[in-house]
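Indexing begins at 1, ligand by ligand and atom by atom, following the structure's order.
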Amino acid sequence: MTLAYDVLVTLPPRAVLPDGTSVRPLPAWSPISSTLIHGERDAILVDAPHTTEKAREVADWVVASGKNLVAMYATHGHGDHWFGFAEVAQCFPGVPILGTEGTVALAQYQATGRMDFWTSQFPGQIVENVIVPSVIDSHTFLLEGHEVRFVEAGDSDTQDTTFVHVPDLGLVVAGDIVYNGVHPFLAGGDAQRRRDWIAAIDKIAALDPAAVVAGHKAPGSDDDPRHLDRTRDYLRDAEEIRATARDAKEFADLMTLRHLARINPTILAQSAEHLFPGTTVT
Ligand SMILES: [Zn+2]
């Protein structure tokens, strides 16, 4: 019996300010991927979104699979990839919720020092009583005798990110190291972090995967490994344009022209305003 996987892409709700107005005119968050890697009987869930409604969609989807959930794994510490595990855990009590040491450290911060951010962006919508992942005992998990590897890849859109590699499937579940059809979030670090990000992409590419599931992907997009190159190209374009653009608006305009097919310009605006402090895209 071999393994298989399924991906559910959930659409996040509109982010709003405490006064009820939208932060930006467009949906301010990107679609989020949850991946169920399964054998004949057992399954591992990778990542779950941060709002109750969307996390419930994931929980219902896992229940409907009929599989026996044996673990949940967060690719990195950002709340939009693990808050939802608490909702799934209501259907699968006691199932281990896991992450690497780096993921757990960032997750602890997200659940405490950063929770005000989440609740201000998504008032009344964030999953309650989030469960901070526990540190994995081993970087290899055996799912019905097949290896599922939790691979540390250093920084990408945030600190200490990881991906999941399933050699028998040629599958990589990339978390935020790969963005598929969505503007990558560049506001999470400096130029060094963006160079590290490219190294993380290269680390996945070296495995020559047959499928790469991006943490944020446009609904309906495939999981082709070309999204590794596409993300790398985007990062290089960003460095090139950053060196010549005069302000956030010019950066965002030039990036848009090169990446017209990517959705969620709100993220591009955040990146632009991060790269050109004191200027705005509007
Ligand atoms: Zn993310």
Side-chain angles (χ1 to χ4, degrees), residues 7-15 23-24 26-35 45-51 54-55 57-58 72-85 87 97 99-100 102-111 114-115 117-118 121-122 125-127 130 132-133 150-164 172-189 193-194 196-197 200-201 204 212-219 221 223 227-228 230-231 234-235 238 262-271 274:
V7 182
L8 179 68
V9 179
T10 48
L11 300 178
R14 182 182 295 261
V23 175
R24 293 183 190 277
L26 292 158
W29 218 262
S30 292
I32 297 167
S33 307
S34 296
T35 305
L45 175 66
V46 182
D47 290 354
H50 53 301
T51 60
K54 298 300 163 181
E57 273 182 36
V58 173
M72 302 186 234
Y73 177 80
T75 54
H76 61 289
H78 275 160
D80 58 329
H81 294 261
W82 66 268
F83 285 172
F85 286 151
E87 202 65 31
I97 296 175
T100 59
T103 294
V104 172
L106 179 57
Q108 257 152 2
Y109 170 66
Q110 294 270 304
R114 194 68 175 153
M115 193 49 100
F117 162 79
W118 290 105
Q121 295 277 305
F122 301 93
Q125 299 179 77
I126 296 297
V127 172
V130 298
V132 173
F150 306 132
V151 185
E152 313 235 13
D155 293 359
S156 57
D157 80 339
T158 187
Q159 68 203 52
D160 300 326
T161 55
T162 79
F163 61 88
V164 179
V172 166
V173 183
D176 283 357
I177 299 166
V178 178
Y179 278 69
N180 176 344
V182 177
H183 284 286
F185 177 70
L186 307 182
R193 182 164 284 173
R194 293 192 295 278
D196 292 345
W197 189 340
I201 293 170
I204 295 175
V212 176
V213 179
H216 298 283
K217 64 180 272 192
S221 183
D223 299 319
H227 297 296
L228 292 164
R230 294 272 171 89
T231 307
Y234 189 100
L235 293 168
R262 288 186 186 264
I263 61 171
N264 201 354
T266 299
I267 298 295
L268 174 58
Q270 287 173 0
S271 298
H274 170 78

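Note that the CG atom of Asp47 and the CG atom of Asp80 stand 8.5 Å from one another [nearest 0.5 Å].
Nearest N/O/S atom of Asp176 with respect to the Zn ion (ligand 1) is recorded as OD2.
Aromatic ring centroids of Tyr234 and Tyr179 lie 6.0 Å or more apart.
The Zn ion (ligand 1) has no N, O or S atom of Asp157 inside 2.8 Å of it. The distance from the Zn ion (ligand 1) to the nearest N/O/S atom of His216 is under 2.8 Å. Put simply, His81 gets within reach of the Zn ion (ligand 1), with an N, O or S atom under 2.8 Å from it.
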Show every donor-acceptor pair shorter than 3.5 Å between a side-chain atom in residues 102-110 and any protein atom, with sequence neighbours excluded, or say none if there are none.
unit_1: Thr103; atom_1: OG1; unit_2: Thr100; atom_2: OG1; d: 3.1
unit_1: Gln110; atom_1: OE1; unit_2: Gly79; atom_2: N; d: 2.8
unit_1: Gln110; atom_1: OE1; unit_2: Trp118; atom_2: NE1; d: 3.0

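When the ring pair (Phe, Tyr, Trp, His ring centres under 6.0 Å) test is applied to His76, the partners found at least two apart in sequence or on another chain are His78, His81.
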